[in-house]
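What you are looking at is a predicted structure, and each value in this text was computed from that prediction instead of being measured. A, B, ... follow the sequence lines: proteins, then strands. Residue 1 opens every chain.
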Amino acid sequence: MSIRPLGDRVVIKKAIAEEKTKSGIVLPGSAKEKPQMAEVVAIGSGVENDEKTKGQLSVGDKVLFSQYAGSEVKMDGEEYTVLKIADILAVIE
Amino acid sequence: MSIRPLGDRVVIKKAIAEEKTKSGIVLPGSAKEKPQMAEVVAIGSGVENDEKTKGQLSVGDKVLFSQYAGSEVKMDGEEYTVLKIADILAVIE
Amino acid sequence: MSIRPLGDRVVIKKAIAEEKTKSGIVLPGSAKEKPQMAEVVAIGSGVENDEKTKGQLSVGDKVLFSQYAGSEVKMDGEEYTVLKIADILAVIE
Amino acid sequence: MSIRPLGDRVVIKKAIAEEKTKSGIVLPGSAKEKPQMAEVVAIGSGVENDEKTKGQLSVGDKVLFSQYAGSEVKMDGEEYTVLKIADILAVIE
Amino acid sequence: MSIRPLGDRVVIKKAIAEEKTKSGIVLPGSAKEKPQMAEVVAIGSGVENDEKTKGQLSVGDKVLFSQYAGSEVKMDGEEYTVLKIADILAVIE
Amino acid sequence: MSIRPLGDRVVIKKAIAEEKTKSGIVLPGSAKEKPQMAEVVAIGSGVENDEKTKGQLSVGDKVLFSQYAGSEVKMDGEEYTVLKIADILAVIE
Amino acid sequence: MSIRPLGDRVVIKKAIAEEKTKSGIVLPGSAKEKPQMAEVVAIGSGVENDEKTKGQLSVGDKVLFSQYAGSEVKMDGEEYTVLKIADILAVIE
């Protein structure tokens, strides 16, 4: 069973543990929005059909995303977030 | 008697029972929006006429949709929701 | 005397009685918007001039529409609603 | 002295008396917006230059318009309303 | 010294005295917006470059404009209003 | 050291002293927005790339601008305002 | 490890110390927004694909940006801000 996001949406899986140990990314305490890290699980076909977004994201990419964006869903015991690609800020390489 | 949605709208039927037993999808308790599962019953002709949405959805697809989206209607004893395709988050395959 | 709607507007006449007896459509009690049934009386020329809406609606169609949409007017003893085609959700066939 | 509306605006003159006697139009008491009847006095050149509105309205037409739309002006003892054609709902024929 | 408005802006000079005596225009007391009369002093080049507005307005035209629109400026002892052409309702001819 | 504004932005330097003595411009006391005078110091390349704004403004022009628009910055002891060209109302010639 | 911003986003690193000593830029105390200085670290591919923004910004540029814009992230001990190029006001040269 898998999730195929519609339009310009993307499915990501939060990488909570790794975020604090391996990557060295720590979210600072401030009044600004604190993005979170996740891994891209699926990309909607609308992302590749849009000149502005095509080729910018691949399944498996580590990404920073707006923490208040998207909808959460649990499937086969795993939690995913379905959100628009516009809510993904950057890829960590 | 059937419902033909206008424009970029879709008619879905909530799959409440199945959601908890077979699919393994459970909506987590969180402050975020909780999408719901449903089955696509009818697709408006505007969906196929729009480059961004054509071919992405078929009648019979299991979908996740925004729970606050659309309008509910009961017909021949069944409850349906009429909503825009933009409010359908993903297809479960 | 008749009403010719301007632009992308449509004139409909609510089908209150029929809604409860023949069609079998009953609007459920919920917090969501409850659409109502009506019959299309007149269609603005703008509907046919727009690629997204042309050919989707005919005079005489039974439609579901957003109950809070449009403006009501009484003419020759009959009540009509003038609303935009975007506020018509679906056709009942 | 006359008023030439700019852009997609129209000048109308409310037909208050006629509304209640000859036409048979009575505005029902409801929570919805109640349109009013008027006669078209002048049409801005922008109306004819827009594919969506050209040819839909003529000087002398009886129209229904949104009662809260537009600006009122009194000229040579007559009251007029200057409003956008988008605020004219329908023509009574 | 003169004012050249930028973009789709226009400079006008209120015609307060004339408004009440010669033209016969009196603004009625109502809850709606009350437009004011003025004379066009300068027209931005953007007005002529826009298909929707070109040729509709000339320097010297008497116009009705939204009273809350624009910015006021006093220059060489005269008061002017700089506003967008979209805030000019009609020309009085 | 100089400031190169990005996109459709412009850098201006307020001409406070001159505004009251030489030019004869005095801002009237009213409830409306009171524009201020300034001199154009730099123009973003986006201004010349936009058909609607190109050629309308030159470095050295005296301009009226919305007083609440833009961001202030002090550089080499001088105060500048970085704002969008849309917030510049008119050129004083 | 590096950050690749998506779409029309840019990654910058605040230049707090330099801002007060070498550049001579001091943000004045006022009610307006106070932009901050930073150095451009990475530029999203969407910036170069947009006619309005391409070629205006390079990695290493000193920029002024809206202090409330963007999201902050700490990586390898350094703090970065991910923001849209539209929130970058100007380049200091």
Side-chain touch G:Ile3/A:Ile92, heavy atoms, less than 4.5 angstrom: yes
Shortest non-hydrogen contact from A:Ala90 toward G:Pro5: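 Distance-wise, the nearest heavy atoms are CB-CA, 3.8 Å.
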side-chain contact (heavy atoms from CB on, under 4.5 Å), paired with G:Leu6, selected from A:Asp87, A:Val63, A:Ile85: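 It is A:Ile85; the other options fail the test.
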CG-CZ distance between A:Leu57 and G:Arg4, expressed to the nearest 0.5 angstrom: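 Rounded to the nearest 0.5 Å, the CG-CZ separation comes to 7.5 Å.
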Where at least one partner belongs to residues 50-61 of chain G, residue pairs that pass side-chain hydrogen bond (donor to acceptor under 3.5 Å, both in side chains), sequence neighbours excluded: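 Pairs touching residues 50-61 of chain G that pass the test: F:Ser45-G:Gln56.
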